[in-house]
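Encoded as structure tokens, the structure appears first; notes follow it.
In each ligand, atom 1 is the first atom listed, and ligand 1 is the first ligand listed. Throughout, numbering of the chain's residues begins at 1 and tracks the sequence.
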Amino acid sequence: MTSDTRAISETPEWQALAQHHREVGDRHLRDLFAEDPQRGTDLVVTAGDLYLDYSKNRLTRETVRLLAALAERAGLRERTEAMVRGEHVNPTEDRAVLHVALRDPATGGLVVDGQDVRADVHEVLGRMADFADRVRGGAWTGHTGERIRAVVNVGIGGSDLGPAMAHQALRDSTDRSLTFRFVSNIDPTDLAEATRDLDPASTLFVVASKTFTTQETLTNAREARRWLVEGLAAQGHGGDSEAVARHFVAVSTNAEKVAEFGIDTANMFGFWDWVGGRYSFTSAVGLSLMVAIGPERYREMLDGFHTIDEHFRTAPYEENLPALLGLISVWYVDFFGAQSQAVLPYSQYLARFPAYLQQLCMESNGKSVRVDGSPVDVPTGEVVWGEPGTNGQHAFHQLLHQGTVLVPADFIGFAQPNDLARDRDLDGMHDLFLANFLAQPRALAFGRTAEEVAAEGTAEAVVPHRVMPGNRPSNAIVAPKLTPSVLGQLVAAYEHRVFTQGVVWGINSFDQWGVELGKVMASQLAPQLQSEAAPEYDADSSTDALVRLLREGRGR
Ligand code: F6P
């Protein structure tokens, strides 16, 4: 950790940025591009297969230099090294933060808190691969001897979003003879819909929960077990515990709770408290994804992560793709007052990527106190949202182009379509898709002036409505194709973007105390809804009235 305990806004580097913002903050991208013909080819960085064009941001080369200096001042280098060495960089939970070890190809030699974490990681990866091969090859059968045809991942938050997002992203690499479903919500319709057309005899549940105490997951898992046991009994097959052993596996850090639930710990794939929930996608939480794409492609994905982990650790900040993403966002959040960040993948396969990033970014950096407990001195985490292009263009892009709020946007595109589209001879459509991927950032940046609109013969009264102000910032991230490796690279880039922001803001990006109160209140309110007799209304007048209304609605 840096020895400088000053609030970040008091450092000379921050003040230099504030002064610089006064000088360049109002400059228009049209002028910045006109003055600097190399801008579009110079303000780019590459890392692995990722190409980041950040030229359409409201910054200059000097801004990047100042932001890099800010990262150094904040101690990003030291904090990164402390993290990868296994120091307890999550002090409020007294934990190491070692998701980078999950994808490290090295198989040993990193001892943290008395454990060789790399050896542990590879031991579990080996067991996962063996299991995935057995399910995929038909050697792992259900209770009745039938092979597994459907895999249902039951988990929520970090135990759902990673594999669910990645299964969709890599659908083209999945075994299409298997069906995959992801159940997360305690809304009973989620489980009911996910299982309604499945045969219990050929269904496998992967119950993923770091703590194995999460209300949503345990409730869904219990109901899934009931569905399985009753379904098998209806087919004439008894033997509850034998059935559960063949149809339920667990992914968790908590062997005791797994056993308590009734899953044989021989069928448990472990991970460790140094893996945060939202950073757990490359732990055993990826099991259902590994079954879907196979161990080999899964390893390619892990290698993609590792490529960016190494790049982040070693590249100077002015050429460091994840650090630049984080620093550019600090520039907008703290100096322009931006409060949101759009992520717009031009890939239908990445439809769940914004949702995945919402947890990663907002659960990590939605904080109001610094690591030492003092209030933050500058605005922190932004609201992250998005939808795949081109759908978003016909929904919310109007606001991006002409609204009154500044929304920096990340556009993500791929040169090649995936094989399914190519096999169907739909490759040509991809050019139209990419034309939109190029057009939107261009329109956002350069817009259209009143003179240009008028010159097209537009009626005078309509001119102001058709003016496009431009100067709306965006990044373009381009990769050759959405492969497992590229997906790993993208996710790792955003993970380190989040870390960069968190270090600059001086916050702990690895705890999430803000989610606890709601959980406690839900368990206090559940009996009020469940009890047959009228409960004691003792919350607040609004909640009490709503409980009454809902009880009435449920006939109580
Ligand atoms: O919502 C809080 C949270 O703890 C997330 O951080 C986590 O990913 C999710 O719940 C699920 O937790 P678990 O994996 O322990 O079930």
Checklist entry - Will you find, in the side chains of E382 and S329, an N or O donor that is under 3.5 Å from an N or O acceptor? => result yes
Next on the checklist: Quick check for you: to the nearest 0.5 Å, what is the distance between F269 atom CZ and L287 atom CG?
Outcome noted: 5.5 Å
Checklist entry - Can you find an N or O of S159 that's nearer than 3.5 Å to an N or O of ligand 1? => result yes
Checklist entry - What protein heavy atom sits nearest atom 8 (O) of ligand 1, and how far off is it? => result G158 N, 2.8 Å
Next on the checklist: Tell me the protein heavy atom at minimum distance from atom 1 (O) of ligand 1, and give that distance in Å.
Outcome noted: E363 OE2, 3.5 Å
Checklist entry - At a non-hydrogen distance cut-off of under 4.0 Å, which region of T211 contacts ligand 1 (side chain, backbone, both, or neither)? => result both
Next on the checklist: Suppose I only count heavy atoms of K519 and a 4.0 Å limit; which atoms of ligand 1 are within that range?
Outcome noted: 2 (C), 4 (O)
Next on the checklist: If the condition is side chain to side chain donor-acceptor pair (under 3.5 Å), which residues does D273 pass it with, not counting sequence neighbours?
Outcome noted: none
Checklist outcome for this item: Under 4.0 Å from one or more heavy atoms of T214, ligand 1 contributes atoms 12 (O), 13 (P), 15 (O), 16 (O)
Next on the checklist: Considering non-hydrogen atoms of the protein only, which is the closest contact for atom 11 (C) of ligand 1, and what is the distance?
Outcome noted: I156 O, 3.2 Å
Next on the checklist: For the residue pair E223 / T219, report whether a side-chain donor-acceptor contact shorter than 3.5 Å exists.
Outcome noted: no
Next on the checklist: Among Q512, Q359, K210, which one puts a heavy atom closest to atom 7 (C) of ligand 1?
Outcome noted: Q359
Next on the checklist: Main chain of W513, side chain of D511: is a donor-acceptor contact present, judged purely on distance under 3.5 Å?
Outcome noted: no
Next on the checklist: I need the full list of side chain to side chain donor-acceptor pair (under 3.5 Å) pairs touching residues 194-213, with sequence neighbours left out, sorted by first then second residue.
Outcome noted: R181-D197, D199-Q235, T211-T213, T211-T214
